[in-house]
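Right, one structure below, let's go through it.
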Amino acid sequence: MKMTFRWYGEDDPVTLEKIRQIPGMRGIVTAIYDIPVGEAWPLERILKLKKTVEDAGMELSVIESVPVHEDIKMGCGDRDRYIENYCTTLRNLAAAGVDCVCYNFMPVFDWTRSDLAFNLPDGSNALMYDEATVLKMDPVAGELSLPGWDASYTKDGMKALLDAYKSVSEEDLWNNLKYFLDRVIKVAEEVKVKMAIHPDDPPWSIFGLPRIITNKANIERFLKLYDSPYNGLTLCSGSLGVAPNNDVADLVRTFADRIHFAHIRNIKITGDKCFEEAAHLSSAGSLDIYDIVKAYCEKGFDGYVRPDHGRMIWGESGKPGYGLFDRALGAAYLNGLFEAAEKELKK
Ligand code: DNO
């Protein structure tokens, strides 16, 4: 496996220089953040990003994400033009040497939480999700927002978008995803970029919007929509693991040959559709992280791995879930588990 770390670009308080000092860290996961969703990424911008990362002594490993325009997800408007642009971006990324792209197909909202700084008993704070609280929030009034979301919507724009989604069923979303894959994966195959869809977080419908990348049966259905190694997964343990019927280690064992990117983090399920984010350590949460790592090792996984959301510890402030310290601890822990599991398997 190749250990990587997410960096949010020049505005990220977690600098490349700091990331470089995490033991063994060489791979950066990032994106170009100022190009409007749907527009093609120019090659020069990608090369500039790559140079910045390489000048800091690391490599540009994964793009997370090339976002998918809502017209594509809704199957309307300018979707063909946006798909064309998406393909141009993939060609340009490939020309710059990028071989893995993460994206998601969640309508409107990417990952969602009810509290971005929930106080934990040890004095740290973390992201948490409480379904009842989320359902009381009004996304049109801007009552919740997260770093992963497209922040370019006005109030009216958001209302119009949510209204437009009222006529998009789950089956429509599947069809629109297939339409997208049929066009994009052909190009991904041609330029050898592995596409890795991120599961929905949380893996259930919110605000009445359909969500489909949520469980084993749906992942199987997704992989069959376009049966190619280039149509693959970002397997996010924390996103899928909050639903008690998703057994993450089993998902790894089942879909290993289509997983290109592993997000590994722990969560603590605290009730029905309620969870807190936890330290990566198995005993800190509900997931057996060692079993998940063992599953990757048994399958000879050689894709990218990154620690995922961290708590805010040691007085750090910054992007919720994306501080330096707890994610660095996560990387060190995961490196230890991989080393142990790999050595164990070689015996
Ligand atoms: C959250 C992230 C997601 C992810 C996107 C991929 O921390 O895992 O925002 O980047 O869903 O498109």
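Index from 1, following the sequence. Start at 1 and go down the list; that is how both ligands and their atoms are numbered.
At a heavy-atom distance under 4.0 Å, only side-chain atoms of Asp110, from C-beta outward, approach ligand 1. Within the 4.0 Å heavy-atom criterion, the part of Trp111 lying near ligand 1 is the side chain and not the backbone. Contacts between Arg6 and ligand 1, counted as non-hydrogen atom pairs separated by less than 4.0 Å, involve the side chain only. The proximity of Arg113 to ligand 1, defined as any non-hydrogen pair under 4.0 Å, does not occur for either the backbone or the side chain.
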For residues 87-98, dump all side-chain donor-acceptor pairs below 3.5 Å to protein atoms at least two apart in sequence or in another chain.
{"from": "Thr88", "atom 1": "OG1", "to": "Glu84", "atom 2": "O", "distance (Å)": "3.0"}
{"from": "Thr89", "atom 1": "OG1", "to": "Trp41", "atom 2": "N", "distance (Å)": "3.0"}
{"from": "Thr89", "atom 1": "OG1", "to": "Asn85", "atom 2": "O", "distance (Å)": "3.1"}
{"from": "Arg91", "atom 1": "NH1", "to": "Glu190", "atom 2": "OE2", "distance (Å)": "2.7"}
{"from": "Asn92", "atom 1": "ND2", "to": "Trp41", "atom 2": "O", "distance (Å)": "2.8"}

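Here Asp138 does not pair with Lys159 in a salt bridge; the nearest charged N to carboxylate O distance is not below 4.0 Å. The pair Glu171-Lys178 fails the salt-bridge criterion, with no side-chain N (NZ, NE, NH1 or NH2) lying under 4.0 Å from an Asp/Glu carboxylate O. Using a 4.0 Å cut-off between a side-chain N of Lys or Arg and a carboxylate O of Asp or Glu, Asp227 and Lys224 do not qualify as a salt bridge.
The environment of Lys2 atom NZ is dense: over 12 non-hydrogen atoms of other residues, nucleotides or ligands sit within 6.0 angstrom.
Between Trp111 and His198 the shortest side-chain heavy-atom distance does not fall below 4.5 Å. Put simply, the side chain of Met58 reaches to within 4.5 Å of the side chain of Arg20, judged on heavy atoms.
Residue-ligand proximity, Ser65 to ligand 1, at heavy-atom distances under 4.0 Å covers atoms 5 (C), 6 (C), 10 (O), 12 (O). In the vicinity of Arg306, heavy-atom distances shorter than 4.0 Å reach the ligand 1 atoms 8 (O). Residue Asn104 approaches ligand 1 through these ligand atoms, each under 4.0 Å from one of its heavy atoms: 5 (C), 6 (C), 11 (O), 12 (O). Residue Glu64 approaches ligand 1 through these ligand atoms, each under 4.0 Å from one of its heavy atoms: 2 (C), 4 (C), 8 (O), 10 (O). Every atom of ligand 1 is numbered from 1 in the order shown, and the set under 4.0 Å from a heavy atom of Met106 is 11 (O).
Residues passing the side chain to side chain donor-acceptor pair (under 3.5 Å) test with Glu64, sequence neighbours excluded: Arg6, His263, Arg306.
Within the 4.0 Å heavy-atom shell around ligand 1 one does not find Gly321.
On a distance-only criterion, Asp308 and ligand 1 share no N/O pair closer than 3.5 Å.
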